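In what follows, a structure is listed as structure tokens, so that the remarks can point back to it.
Each chain gets a letter, A, B and so on, in the order the sequences are listed, and its residues count up from 1. Please read all numbers here as calculations on a predicted model, not as lab measurements.
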Amino acid sequence: MDIATIVGILLGFTVITAAIVSSGGWQIFIHLPSMAITVGGMLCATLIHFSLPQFLGIFSVIKKTIIAKIPSQSQLVQKMVNFAAVNRRDGALALEPEIRNADNLFLGKALQMLVDGQDAEQIRELMSLEIENLQDRHARGKKILEFMGAAAPAFGMIGTLIGLIQMLRSLDSPESIGSGMAVALLTTFYGALTANLIFLPLAGKLGLYSKAETTAMEMTVEGICAISRGENPTTVREKLQAFVSQGRRQEVKATI
Amino acid sequence: MDIATIVGILLGFTVITAAIVSSGGWQIFIHLPSMAITVGGMLCATLIHFSLPQFLGIFSVIKKTIIAKIPSQSQLVQKMVNFAAVNRRDGALALEPEIRNADNLFLGKALQMLVDGQDAEQIRELMSLEIENLQDRHARGKKILEFMGAAAPAFGMIGTLIGLIQMLRSLDSPESIGSGMAVALLTTFYGALTANLIFLPLAGKLGLYSKAETTAMEMTVEGICAISRGENPTTVREKLQAFVSQGRRQEVKATI
Amino acid sequence: MDIATIVGILLGFTVITAAIVSSGGWQIFIHLPSMAITVGGMLCATLIHFSLPQFLGIFSVIKKTIIAKIPSQSQLVQKMVNFAAVNRRDGALALEPEIRNADNLFLGKALQMLVDGQDAEQIRELMSLEIENLQDRHARGKKILEFMGAAAPAFGMIGTLIGLIQMLRSLDSPESIGSGMAVALLTTFYGALTANLIFLPLAGKLGLYSKAETTAMEMTVEGICAISRGENPTTVREKLQAFVSQGRRQEVKATI
Amino acid sequence: MDIATIVGILLGFTVITAAIVSSGGWQIFIHLPSMAITVGGMLCATLIHFSLPQFLGIFSVIKKTIIAKIPSQSQLVQKMVNFAAVNRRDGALALEPEIRNADNLFLGKALQMLVDGQDAEQIRELMSLEIENLQDRHARGKKILEFMGAAAPAFGMIGTLIGLIQMLRSLDSPESIGSGMAVALLTTFYGALTANLIFLPLAGKLGLYSKAETTAMEMTVEGICAISRGENPTTVREKLQAFVSQGRRQEVKATI
Amino acid sequence: MDIATIVGILLGFTVITAAIVSSGGWQIFIHLPSMAITVGGMLCATLIHFSLPQFLGIFSVIKKTIIAKIPSQSQLVQKMVNFAAVNRRDGALALEPEIRNADNLFLGKALQMLVDGQDAEQIRELMSLEIENLQDRHARGKKILEFMGAAAPAFGMIGTLIGLIQMLRSLDSPESIGSGMAVALLTTFYGALTANLIFLPLAGKLGLYSKAETTAMEMTVEGICAISRGENPTTVREKLQAFVSQGRRQEVKATI
């Protein structure tokens, strides 16, 4: 679970709320019709842009950005080094029990192909296709959040235009100009706030997870292919360490 | 048919209309000259940008975003697995009746090449050219909608500039300032609304369909090529499953 | 000649003019100093950005977007099929008279290489270089129009800033505020109108022509290469049809 | 020397100055503190973004956009054709005197390799590396000008915000509102003018020169490689003509 | 250490401060609640977008842009030429002591592979992976700064909207309009200033360092690979000089 996401959202709303409340008159910032235009318009545009299952999947996408776990690269390197040692000592078949212990389906499938005796090229080809298609599916979740981040300010502006037009229509009652414009600006405020504090940063975090997961998969493929070519644990470690930033490289031992 | 597109558009206009009507004075939002500037200007710019046949094809493009059907990936995998089984048991010629049953011309053409005994490389080369050129044609439809989504706010702004200049010219009659500005802002409102609730989301949906259709075509090519190399149904299934998200993979059986 | 370009421009200006005239006071929209700033500034920036020959070539570029003819793909496929038939029956030398009849230099050059007995690889290499360099030259014309489409609103804004500063300087005569701001906004209006109704759509159309011409050239190269490998008319037709949208494929016969 | 750059800049400032002077009150447009904010802020941001040597190289970059000479393609083709003829007649060694006569170091280096008897592949590999690294160095100059073109309006806006805040602070003296806002808008005017009339068009011209120089280098490499393979002058001419636009191709003779 | 970064930041703030102080009333520009909204909101959005370790690494990223040292290309070329001479004279093993003297881990690792007798292809493959992954890690630091540069003006605008809405709500006390708007504009000012004077230029400088470091690494790989193929010092120098701008090439001698 990534504490930064939750802390960021809570802290962000606290800062904004404190700024509003400290100057008094916070009631004017709660205006349901304005929220309806901004959020409703944005959701409808999202519904038109994406398909119904994708739209309904927004919440699981958002949940993912909060609870997903970035896999540890050092542990993955260590695991690959261990597999390489087992493979050199006892042959690929000795890795069969590891298939069941695999953390994720991807590693399991790669190990299965290794145990089945497929060669490095076959493993790389199939697993690369798998990575590519996973990236496609990930990119779509990010796209939904980015579209919402673009649609929210747009419908905020549409709401402000509606409010301004209605306010200007009845300009003969000058005492209502101020409150009319204040209400008109609310939708722009809602749109800018949700886009910049929720949708766009969440889209960024989703991209981060996708990148981390893809890197872990690429390391898995590199590792399994090296093992299937019978390379020794030290070479496997050298190769996979290239993916790891230098500060963390010392943690992995070449033997088990 | 994709219900999300229609629901989104209807719901979106309902939300905006409700917001307008609830504050009274909705009559000011219906102003034919303002509509003429925004929509007319946008259509003229589109006419200049694209050719006449492409311009006249806008409606069929929009219709496509509403009624197009995203093909089922599981069914496609199942079909390919079945073809592979038939091919292994009875040879490629036994697949001839399937050419007539093919859902689409693309699958039919690929099957025809398979039955004609062309090898995997020839099939892939010709079908890839076909996919590439289809993507080109699809991309153009998306581009038209995106251009309309960019031109509508631009001509909305041009209309507002015209209204503002005319209003400022006769500033000596201050009672007309309010209504003058209200009318001037209407074109910006029309432009922002049509762009954000219609053109841009529809362009997005068109891109989605194009992607889904292309993926189905790529799966078809992968499958037919694997079959033409005489691979067994299980291998064909493994390969095509890489395109499918993990939740849906269980549905396909490797035998028929 | 593409009627859409001319119709679009005429219709667009008619719509805008009608909107201006119908509200009275159109005289204010004709203001020569404002035009001088917007158009003059834009032309100077274009002169700095591009070289003198390119700048002087703007009119021939604009003329091209109006009178250029998108070549018919079906006719090109038919022609290639005919060439393939002649080549199979009488050999490449029998195609010599076609060199003089070629619609364009590109087809002529490709045919010449075919008749000279150069192999498919040599033809493809040289003609691809030709296509690539033509695309470069085309892209420059599009870039000029796009730059003008970006510079016009920028100098419109600069003109408005000049007008606003002069108006604000003499704010002590309040009766002139309105007309001062009206005149100040004119340059923004000119810039937005010329960019959105002329430069940007014309740049788009130029891109369209460039794409169509490039596709025709690629079809020519594919066709001539296939012929030089002695492929039969039916295969040539199959290959080139992949470039054509499905609705238009029936028109070509495989024999002559 | 490219006259267009100088003419464009002089003419552009003449147009803007005429527009300002003709309406009277040009004195307000000369305001040193506003210039200091816009230009000073932009230069500081550029200093932070780039390294000191790059920053100090701005003037030589600007000078280059004014005095650089786009090399003549026809002359280059003619030169290569002559080299090919000499090479065929007297062998590569006969080209040795040309190394000293070479217009630029690049051609000299390529000729040296040719005379040294290196084969086409070696020449292409080394010279391509040279082209690639030159493009990198060129791109940096363009980037500096583009960054200045983006920073100038940004610091113009910052200056306007400072002016507006100070003007609004003392709103109790209404007679100063007009002149306060006029001064505040000056920085935005300076930023927009310098960006659109100087930095952005100059960046464009630099890109143009870079492209022309790169094309000349690619033609040189193509030519020298063809010569080193002993191709005849006519073939060399055919190959290089593909880089030249059709209107200028007639000027080159295949023999000397 | 890059003096330009520090000088630029100090000078930039001096210019802005001077502009503010010279017009009097600088007190209004120091407003803690406005700073809290702009900076706090931006930090929270950054926290949501990136992971906690990346967020905490911002300061070391900023420190890096100030103290990092762009490696000297001439020295690197000289070093490679020396290595090539040693390798030709005494064999690769004689380079073993240089591993310990290497300035950075990258050069050390490449030398180690050379001494171990690995061939050019293996060295290139592993070191390229290393470069690629380093670029990924560098790009992330740049992305954080760019995101902060985009989020600061966004939260500036959100703060201004809050201020405007509160000011408009109490429009009945007209004497407070001016100061209310002045305070409202402050957040926009803070956002624009920090983005354009700190975050965006620093992101640019980071990109510059990353590019310089990557180029040095590529030169190292080219050099070590050439050495491992036993090329002579002159050829190694020729190859690496292509990376160096022409003005600095004379400094390297081909012999030691």
Side-chain angles (χ1 to χ4, degrees), chain D residues 33-34 36-56 105-106 109 113 122 125-134 136-137 140 143-144 147 150-151 153-155 157-172 174 177 180 183 187, chain E residues 2-16 18-20 22-29 65 70 153 174-175 177-186 188-189 192-193 195-198 200-205 207-209 211-212 215 222 238-239 241-246:
Chain D
S34 298
I37 293 182
T38 313
V39 175
M42 177 205 69
L43 288 180
C44 291
T46 310
L47 200 54
I48 303 172
H49 188 137
F50 298 94
S51 72
L52 201 57
Q54 288 175 350
F55 179 80
L56 297 175
L105 284 171
F106 187 82
K109 195 166 179 183
M113 293 186 80
Q122 285 173 307
E125 193 195 341
L126 190 61
M127 299 320 274
S128 297
L129 201 60
E130 190 97 16
I131 293 179
E132 208 177 291
N133 290 302
L134 180 103
D136 266 21
R137 292 194 294 270
R140 218 175 295 148
K143 242 188 190 161
I144 296 184
F147 180 79
F155 281 95
M157 201 193 72
I158 288 173
T160 297
L161 283 169
I162 294 177
L164 277 180
I165 291 170
Q166 285 175 330
M167 185 268 283
L168 288 164
R169 182 188 52 100
S170 53
L171 207 61
D172 40 329
I177 294 180
V183 169
T187 52
Chain E
D2 186 39
I3 200 76
T5 313
I6 299 169
V7 168
I9 292 181
L10 293 184
L11 217 63
F13 276 104
T14 309
V15 165
I16 300 294
I20 288 173
S22 71
S23 314
W26 56 269
Q27 294 88 343
I28 200 178
F29 284 91
T65 62
I70 297 185
E175 66 273 15
I177 294 180
S179 66
M181 270 204 67
V183 170
L185 285 178
L186 270 181
T188 294
F189 169 68
L193 188 63
N196 285 295
L197 198 53
I198 302 185
L200 296 180
L202 279 186
K205 177 138 287 172
L208 218 84
Y209 282 130
K211 186 91 189 50
T215 304
E222 283 301 325
E238 276 312 277
K239 260 192 190 147
Q241 291 287 44
F243 287 93
V244 185
S245 64
Q246 293 195 346

Interatomic spacing from CD1 in E:I28 to CD in D:Q166 - rounded to 0.5 Å
8.5 Å

What are the two closest heavy atoms between D:S51 and E:A4, and how far apart are they?
C-CB, 4.4 Å

Can you tell me how far apart CG (E:L193) and CD1 (D:I162) are? Round to the nearest 0.5 Å.
7.5 Å

Region of D:A36 that comes under 4.5 Å of a non-hydrogen atom in chain E
backbone

If you count heavy-atom pairs under 4.5 Å with chain E, which of D:E125, D:M42, D:Q54, D:M127 comes out on top?
D:Q54

Which bit of E:F29 is near chain D, if near means a heavy-atom gap under 4.5 Å: side chain, backbone, both or neither?
side chain

Working to the nearest 0.5 Å, report the span between CG of D:L47 and OG1 of E:T5.
8.0 Å

In Å and rounded to the nearest 0.5 Å, what is the CZ to CG distance from D:F155 to E:L197?
4.5 Å

Of the non-hydrogen atoms in D:C44 and E:G8, which two are nearest, and what is the gap between them?
CB-O, 3.5 Å

Between D:L52, D:I158, D:L126, which shows the greatest number of heavy-atom pairs under 4.5 Å with chain E?
D:I158

To the nearest 0.5 angstrom, please state how far the CD1 atom of E:I198 sits from the CD1 atom of D:I48.
7.5 Å

Side chain, backbone, both or neither: which part of D:F50 has an atom under 4.5 Å from a heavy atom of chain E?
both

Could you look at E:L10 and say if it's the side chain, the backbone, both or neither that has a heavy atom under 4.5 Å from chain D?
neither

State the CD-CG distance between E:E222 and D:L129, to the nearest 0.5 angstrom.
6.0 Å

Do D:M157 and E:N196 make a side-chain contact, defined as non-hydrogen atoms from C-beta onward lying under 4.5 Å apart?
no

